[in-house]
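Below, all heavy atoms of this structure are taken into account, side chains as well, without hydrogens, waters or symmetry copies.
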Amino acid sequence: MPTTDAQIELVRALVAQIPPGRVATYGDIAAAAGLSTPRTVGWIMRTDSADLPWHRVLGASGKPAAHLAHRQLRRLAEEGVPIRDGRVDLRDARFRFPELPD
């Protein structure tokens, strides 16, 4: 099933809500947006996130993708995100999205 413009805009709005010093996983965003897979969030982020705080979105392990790791971890550290051994401490830094209206 193709991703709709409404789903893309919802994902973008959710990413924009993540405050400095906090992070969310692709799965967190997918769940908040009602998407069936975090891969859809990854696709949206890959194709339409230049104006968003992309660095605040991580995989479920808290580890950034290898090709982004240095830049992403540097930006997160500048915001005060707790990082240990190249991985974000999701227990301390995870942003919880408010419930979306039906």
Side-chain angles (χ1 to χ4, degrees):
M1 173 180 278
T3 305
T4 67
D5 288 343
Q7 290 170 321
I8 292 169
E9 290 308 312
L10 179 54
V11 166
R12 288 179 48 77
L14 289 166
V15 172
Q17 286 181 38
I18 305 168
R22 306 294 286 206
V23 298
T25 67
Y26 294 100
D28 294 337
I29 296 166
L35 299 173
S36 61
T37 177
R39 291 178 184 266
T40 302
V41 176
W43 175 81
I44 293 167
M45 294 296 295
R46 216 174 25 257
T47 59
D48 191 23
S49 68
D51 61 334
L52 295 172
W54 61 268
H55 61 286
R56 297 180 189 144
V57 181
L58 299 159
S61 70
K63 196 169 182 181
H67 69 286
L68 297 173
H70 178 73
R71 187 167 52 144
Q72 189 170 15
L73 290 175
R74 179 180 44 79
R75 290 184 74 174
L76 291 171
E78 288 170 358
E79 294 183 358
V81 172
I83 299 168
R84 292 179 186 88
D85 298 322
R87 186 181 311 257
V88 170
D89 184 342
L90 292 175
R91 281 183 303 239
D92 290 338
R94 185 177 246 151
F95 177 71
R96 302 289 180 191
F97 291 99
E99 292 296 316
L100 296 174
D102 289 333

A.B. asks: Working to the nearest 0.5 angstrom, can you tell me the gap between Asp28 CG and Arg96 CZ?
C.D. replies: 6.5 Å
A.B. asks: Which heavy atom in Val57 sits nearest to a heavy atom in Thr25, and how many Å separate them?
C.D. replies: CG1-C, 4.4 Å
A.B. asks: Does any non-hydrogen side-chain atom of His70 lie less than 4.5 Å from one of Pro64?
C.D. replies: no
A.B. asks: If every non-hydrogen atom of Pro98 is compared with every non-hydrogen atom of Gln17, which pair is closest and at what distance?
C.D. replies: CD-OE1, 3.8 Å
A.B. asks: If every non-hydrogen atom of Ala77 is compared with every non-hydrogen atom of Ile83, which pair is closest and at what distance?
C.D. replies: N-CD1, 3.9 Å
A.B. asks: Would you call Arg75 and Val81 a side-chain contact if the rule is heavy atoms closer than 4.5 Å?
C.D. replies: no
A.B. asks: Where do Leu76 and His55 land on the side chain to side chain contact (heavy atoms under 4.5 Å, CB included) test, with the steps shown first?
C.D. replies: CA-CA 7 Å; Leu76 291 171; His55 61 286; 3.7 Å; yes
A.B. asks: What distance separates Leu68 CG from Arg74 CZ, expressed to the nearest 0.5 Å?
C.D. replies: 11.5 Å
A.B. asks: Give the minimum heavy-atom separation between Ile18 and Ala24, together with the two atoms involved.
C.D. replies: CD1-CB, 3.7 Å
A.B. asks: For Asp51, does the CG atom have more than 12 heavy-atom neighbours from other residues, nucleotides or ligands under 6.0 Å away?
C.D. replies: yes
A.B. asks: What pair of heavy atoms forms the shortest contact from Ala16 to Pro53, and how long is it?
C.D. replies: CA-CD, 4.2 Å
A.B. asks: Donor-acceptor pairs under 3.5 Å, side chain of residues 31-46 to any protein atom, not counting sequence neighbours: which ones?
C.D. replies:
| unit_1 | atom_1 | unit_2 | atom_2 | d |
| --- | --- | --- | --- | --- |
| Thr37 | OG1 | Arg39 | N | 3.2 |

A.B. asks: Nearest heavy-atom pair of Arg22 and Arg94: which atoms, and what distance?
C.D. replies: NH2-O, 2.5 Å
A.B. asks: Does the side chain of Gln72 reach to within under 4.5 Å of the side chain of Leu58, using non-hydrogen atoms?
C.D. replies: yes
A.B. asks: Using the rule that two of Ile, Leu, Val, Met, Phe, Trp, Tyr join whenever any of their side-chain heavy atoms come within less than 4.5 Å, decide whether Leu90 and Phe95 are in one cluster.
C.D. replies: no
